[in-house]
Every structure is written in structure tokens, then in C-alpha cells.
Amino acid sequence: QHGAMAALMAALESYRGRDRALRALCYVSRLAGGALAPRGSAQGLSRGLLAVSAQLSSCRTVLRLLDDFAMLRHSCAYGLGPKDEDALVRGLSVLCNVADQLYYPCEHVAWAADAGVVVVGSQRWWAASTALWGFSLLLGILRSTSSAQSHQKMRAQVKAEVLTIVSNVADLSNAVHWLPPGFLWAGRFPPWLVGLLGTISSLIAIYQASGRGSSGAA
């Protein structure tokens, strides 16, 4: 028990660990708020939980303002990928890095527009950042599928890739929901479903991070 508490405290002291916790709380609040919405006696609590979810989401957006540099370092370190890696996996990884790198400035412009710092329409920039996020998730699904097929004898690797696919599919479903109406199921998800999908992907991320921590990997 002491070891688990120490691991939790260590995770919350890191930026990535704290972001995972905030993300999970954000989606759990949205799930609970959406589930309580139909109940008249709990409408006040429902609105409060949805407001908390929105504030946590805004908090994470602000915290991502400096993520461009970490992403750039990761992209440069990966380059075109290691020579011994599957060519398809390397290509998908490079495209994924490009999409992730472009995501951040688009989100920053949208945030600055909403804050009144720049005079542009924020909706198109939010849509662009969401589309890039969705494209990155789609590439991640394809990469995980290819990676799992090329490591069929490594059960642990396959399990990790399957979890990644489930997480990315859940996030991709939400990403499409947040795109402008008229594209597939954009705008059609109720809050509880958005919260459920986000909670699933958040819990998988926390589980995978705890597994990396216990194995000593970065």
C-alpha cells in the first residue's frame, strides 16, 4: 500500500502524470454529469459536473502551450526512425509526428483567439487542431496494427498494441464528434458517451504508464 501511494505521488509530481490525472477527472466528470442530466432532481449536480469537466479541459489546454518544444525534441530524436524498424511502421510514425507537431500551434491560435489575443475566428482553428488530432489517432491505430502483426510471437507487445488501438479508437470517436457538424457523427454524441470514451482511453493511458514505470522504461 505504501509503495502504491509513493508511486501515485511520484506520478502526480510529473507533468505527464498530472496531465493523465486531470484528463481522467475531466472525462469522469463529463460521464457522471451526462448520466445525471435526465434526472430532474440531479440537474444542478449535472450542470456542476459538466462545468468542472469544461474547466479541467481548459486547464489542460493552457498547460499544453509549451508542449511544442517537447514534441519537436521527440520528432527530431525519432527522425526517420531506426533502421531496424519496419518501414511501414516508421513511415506512419513520421506522419504521426508531423500531425502532432502541427496540432499544437493550431490549438494555440484557437486558444489565443478565444482569449482575444489575436483577431481571427477561433472555430476554424479548433476544427483544424481536432482534425490533426484525429488524423494522428488514425495513424496510431494503423501503426499499432502493423506493429502487432510484425511481433506476433511477442504476446506482451501484442497486448500493449491492442490496448493502444482501443484507446485510440475511443479518442478518435470523440475527435470526430468535435468536428464541425455534417461530418460522419460530428456533434451527435451525448455528454455521457463522450465521457465514457474519454474515461476508457484515460484509464488505459494510466495503466500503460504504470506498467512502464514498474518496468523501468521511460
Side-chain angles (χ1 to χ4, degrees), residues 7-30 51-82 92-141 143-144 164 167-168 170-172 174-175 177-179 194-195 197-199 201-213 216-218:
L8 175 61
M9 292 300 100
L12 292 178
E13 287 177 358
S14 70
Y15 168 72
R16 295 301 173 193
R18 193 171 300 175
D19 181 66
R20 292 187 191 99
L22 288 174
R23 188 183 199 275
L25 288 173
C26 173
Y27 282 114
V28 168
S29 298
R30 185 166 300 194
V52 166
S53 176
Q55 290 189 18
L56 289 173
S57 178
S58 298
C59 172
R60 294 184 65 234
T61 299
V62 173
L63 291 175
R64 283 195 295 269
L65 288 175
L66 300 178
D67 277 2
D68 309 67
F69 304 103
M71 186 64 226
L72 182 60
R73 179 183 179 184
H74 169 77
S75 298
C76 292
Y78 187 82
L80 297 178
L92 291 171
S93 296
V94 171
L95 288 175
C96 190
N97 288 342
V98 172
D100 288 341
Q101 194 70 60
L102 294 174
Y103 164 84
Y104 291 107
C106 289
E107 184 185 57
H108 301 339
V109 172
W111 172 83
D114 282 345
V117 177
V118 295
V119 185
V120 295
S122 67
Q123 290 303 314
R124 66 178 63 181
W125 289 98
W126 284 122
S129 66
T130 302
L132 285 166
W133 179 43
F135 183 55
S136 173
L137 291 167
L138 181 59
L139 291 171
I141 293 170
R143 179 180 58 190
S144 295
T164 299
S167 176
N168 285 349
D171 282 337
L172 180 59
N174 276 342
H177 164 72
W178 282 316
L179 288 172
V194 174
L197 292 171
T199 298
S201 65
S202 297
L203 292 178
I204 290 176
I206 292 173
Y207 170 77
Q208 291 180 322
S210 65
R212 286 194 296 268

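Heavy-atom basis, side chains included; hydrogens, waters and symmetry copies ignored.
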Inset, instruction - Mark yes or no for whether Ser75, through its side chain, and Met71, through its backbone, hold a donor-acceptor pair below 3.5 Å. - result: yes
Legend entry - Over 12 foreign heavy atoms within 6.0 Å of CG, Leu72: yes
Inset, instruction - Side-chain contact test, heavy atoms from C-beta onward, threshold under 4.5 Å: evaluate it for Val109 versus Pro105 and give yes or no. - result: no
Inset, instruction - Please report the shortest heavy-atom distance between Cys96 and Leu139, naming the atom on each side. - result: N-CD1, 3.5 Å
Inset, instruction - Indicate yes or no for a side-chain donor-acceptor contact from Glu107 to the backbone of Trp126 under 3.5 Å, with no hydrogens or angles considered. - result: no
Inset, instruction - Of all the heavy-atom pairs spanning Ser14 and Ala11, show the shortest one and how long it is. - result: OG-O, 2.8 Å
Legend entry - Rounded distance (nearest 0.5 Å) linking atom CG of Leu172 with atom CG of Leu197: 10.5 Å
Inset, instruction - Could you verify whether a donor N or O on one side chain and an acceptor N or O on the other, from Tyr103 and Asp67, lie under 3.5 Å apart? - result: no
Legend entry - Inter-residue atom distance Arg20.CZ - Arg60.CZ, 0.5 Å rounding: 10.5 Å
Inset, instruction - Examine the side chains of Arg23 and Ser201 and answer whether a donor and an acceptor come within less than 3.5 Å of each other. - result: yes
Inset, instruction - Please report the shortest heavy-atom distance between Ser122 and Asp114, naming the atom on each side. - result: OG-OD1, 2.7 Å
Legend entry - Minimum heavy-atom distance between Leu137 and Ala175, given as atom pair plus value: CD1-CB, 4.5 Å
Legend entry - For the student: nearest non-hydrogen atoms of Leu132 and Cys106, plus distance: CD1-SG, 3.8 Å
Inset, instruction - Rounded to the nearest 0.5 Å, what's the gap from CD1 on Ile204 to CD on Gln208? Could you check? - result: 6.5 Å
Inset, instruction - Please confirm whether the backbone N or O of Gly140 pairs with a side-chain atom of Ser144, one donor and one acceptor, at under 3.5 Å? - result: yes
Legend entry - Distance-minimising heavy-atom pair for Gly17 and Leu12: O-CD2, 4.4 Å
Legend entry - Interatomic distance, Ser136 atom OG to Gln101 atom CD [nearest 0.5 angstrom]: 11.5 Å
Legend entry - Spatial distance of atom CD (Gln55) from atom CG (Leu22) [nearest 0.5 Å]: 12.0 Å
Inset, instruction - Kindly compute the distance separating CG (Leu25) from OG1 (Thr199), expressed to the nearest 0.5 Å. - result: 9.5 Å
Legend entry - Flag, side chain of His108 to backbone of Tyr104, donor-acceptor distance under 3.5 Å: yes
